[in-house]
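Here the structure is laid out as structure tokens; the discussion comes afterwards.
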Amino acid sequence: MIQSRLGSIFRTMKQIGVIGAGAAGLCAARHILANQGMVPIVWEQSEKVGGTWNYTPETGTDKNGLPIHSSMYQNLKTNLPKEVMAFPDFPFPEADESFVHHSEVKKYLENYAQHFDLYPHIKFNHHVEEVKPIIKETGPPSWSIKVKDLNSGEFSTAVCDALLVCNGHYSVPRLPIIKDIEKFQGRQIHSHNYREPSPYEGSRVVVLGASASGLDIMLELAPYAKEILLSHNLPVAVPSELPSNVRQVRGVVAATENGFTFGDGTSAEADVILYCTGYEYTFPFLSEECNVTIEDNVVKPLYKHLIHSSFPSLAFIGIPFQICPFPLFDFQVQYFVAVIAGRLTLPSPGEMATLSREDLEQQRKEGCMDRHYHRLGLIHQLTVLKDWAEGAGIPPPGKHMKTILYIVMLRFAFAHPSFKKSKFTVMEDGGVIERREGAEVYTKLELTWLLARGLFWVLWRDFPRGLSFLGSAVWGRLTRPFHS
Ligand code: FAD
């Protein structure tokens, strides 16, 4: 009953709000426009599309006094090859490389906006200040969106039938609590404010965190810094050969005036600590009535990491991480648009809340910490994308994605400094050819060798920890359902 009512209410919708014109917001606008009778209205606080891909050397605040949004650094090349990074319906242009410079991604997003004629629907220099639900007697709420025109300083309020929140979540630094950090006399900087390596010439740098940003920035700094301490709590040391001036240590536990002590009991002097410790989800514009909370990095109450289970006319695009962002945005948006177009019927709000709670419980049982709940993982994401695709009635992700992602993951883990050297070609049948420095690679043979060497290295370096890590990885795999 509730289901059919939701369906018919959504069928009469017209104006769909979108907060942000980064990749997620553009993708939202593109698919809303493809549905007859729906019009997007996109608010973007800056004067450009592309969000985080708009590099600026500046840090701090912008000309409007808003915090600088982009965390891009000058030399960044993508950490995903363009063949799996692109939106499914809009490939990157042919190029000699698969891992492209950030300026190419910005151009790609501008071309996307042009190609799908999105610019007329974007209100640039418009900052969303406050969002409130307009509760109705039946069905999901409409949304009241209060916006500030940053040029004129004037406020206005729009009403939308549904709202997609696409404000990005790589802007507000997450900082760890470190004992006695106030005593440290050196520099502290978060990767959000890192731009280029030359200021670190001759310095002793602690890079805290060894996920994508930590490893990438460590490699950039290595030719400049005197010494880098790559400090992390990964289950085992990064099993790749790293530059000779990089040493791996456990996480920082305390600071002194001149340096740090680490979880393995060692200590070292340092001039700089560079926090590569990730970002916080924030939605400062959501009023309390929206009833959205963030608890230990879990955004609640979201059904399928996407739709507000009590107010199913509100969706959050791009909450999951360790994924291929653009394809994920595309599947999420198409799923949600199918809902608001009345083509897809959701469970009742109560059922969605129960399903979401059960999903979180299941993750906990599998040993996943809450703060990793939205971490889908590069391979597992494909199952989730398939689920959204089924709901939306669209084709699942291409088979090339799985092949390329396996290759990238193995090279990232076991040959990190050179993983961006691969160039992929996707064949018509979905097959993949990998080339490195122009020559075709016998990928299976090479990867088997890389894996064997990497595992040996893990055990050789720290036998007890390595064994326990490998044991729990195998056990985790055996006790979890295998995904196609
Ligand atoms: P954003 O790009 O952050 O866009 C959000 C937009 O919302 C911005 O334009 C912002 O101005 C606007 N906005 C925010 N608040 C408001 C408001 N209140 N009112 C109006 N407008 C607002 N992904 C990859 O696929 N490959 C990579 O190699 C890769 N490398 C990355 C490297 C770095 C350093 C970072 C930080 C991220 C990287 N990513 C990468 C992830 C990247 O964030 C996503 O690919 C994607 O661009 C995120 O898009 P988004 O639209 O969700 O967010």
Side-chain angles (χ1 to χ4, degrees), residues 17-29 41-56 62 64 66-87 92 98-102 104-106 108-109 112-113 122-131 145-150 163-173 190-195 211-217 220 276 278-279 281-286 316-330 332-333 378 381 405 408 412 419-420:
V18 178
I19 302 177
L26 294 176
C27 178
I41 170 165
V42 184
W43 298 281
E44 169 52 54
Q45 65 191 8
S46 75
E47 52 210 4
K48 296 172 193 158
V49 299
T52 206
W53 297 99
N54 285 300
Y55 169 76
T56 166
D62 67 12
N64 295 310
L66 293 171
I68 295 280
H69 182 82
S70 178
S71 305
M72 205 43 60
Y73 38 95
Q74 199 178 37
N75 302 323
L76 180 136
K77 280 189 172 185
T78 59
N79 55 20
L80 285 174
K82 63 185 177 51
E83 289 74 20
V84 295
M85 195 172 147
F87 293 114
F92 273 82
S98 280
F99 296 86
V100 297
H101 186 251
H102 62 74
E104 298 299 319
V105 184
K106 177 174 148 65
Y108 167 84
L109 291 172
Y112 182 87
I122 306 172
K123 287 180 173 289
F124 290 105
N125 294 305
H126 278 67
H127 183 247
V128 172
E129 304 264 318
E130 190 178 45
V131 170
I145 299 114
K146 185 175 158 196
V147 181
K148 182 177 181 188
D149 179 336
L150 296 172
L163 181 64
L164 291 93
V165 176
C166 303
N167 65 325
H169 54 87
Y170 292 99
S171 274
V172 179
H190 188 276
S191 57
H192 172 61
N193 295 317
Y194 170 82
R195 294 294 182 263
S211 51
S213 293
L215 293 176
D216 204 44
I217 292 175
E220 272 210 19
C276 297
Y279 295 88
Y281 293 110
T282 53
F283 310 103
F285 41 79
L286 294 184
F316 293 76
I317 306 303
I319 296 297
F321 55 97
Q322 247 181 51
I323 44 130
C324 298
F326 298 3
L328 180 122
F329 300 161
D330 198 89
Q332 286 193 318
V333 165
L378 285 178
Q381 71 165 328
L405 288 172
V408 170
F412 181 94
F419 86 98
K420 294 187 184 179

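In listed order, ligands and their atoms are each counted from 1. What's counted below: heavy atoms across the whole structure, side chains too, no hydrogens, waters or symmetry copies. The model shown is predicted, which means the values in this text are computed figures rather than measured ones.
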For ligand 1, what N or O to protein N or O distances fall under 3.5 Å?
unit_1   : atom_1 : unit_2 : atom_2 : d
ligand 1 : 2 (O)  : T52    : N      : 2.9
ligand 1 : 3 (O)  : H69    : NE2    : 2.6
ligand 1 : 9 (O)  : E44    : OE1    : 2.6
ligand 1 : 9 (O)  : E44    : OE2    : 3.2
ligand 1 : 11 (O) : E44    : OE2    : 2.7
ligand 1 : 11 (O) : Q45    : NE2    : 3.1
ligand 1 : 18 (N) : V128   : O      : 3.2
ligand 1 : 19 (N) : V128   : N      : 2.9
ligand 1 : 21 (N) : Q45    : N      : 3.2
ligand 1 : 28 (O) : N79    : N      : 2.8
ligand 1 : 28 (O) : N79    : OD1    : 3.0
ligand 1 : 47 (O) : W53    : NE1    : 2.8
ligand 1 : 51 (O) : A23    : N      : 3.2
ligand 1 : 51 (O) : A24    : N      : 2.9

- Message: Tell me if the centroids of the rings in H102 and Y73 come within less than 6.0 Å of each other.
- Response: no

- Between H169 and Y281, does the ring centroid distance fall short of 6.0 Å?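 That pair passes the under 6.0 Å test.
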
- Item | F326 and F87 aromatic ring geometry - parallel, tilted or perpendicular at 30°/60° bounds | parallel

- Do S71 and Y279 meet the criterion of a side-chain donor-acceptor pair at a distance under 3.5 Å? yes

- Is there a donor-acceptor contact under 3.5 Å from the side chain of Q381 to the main chain of Q322? no

- Message: So does G278 get a backbone contact from the side chain of H190, meaning a donor-acceptor N/O pair under 3.5 Å?
- Response: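 Side chain of H190 to backbone of G278, a donor-acceptor pair under 3.5 Å: yes, one is there.
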
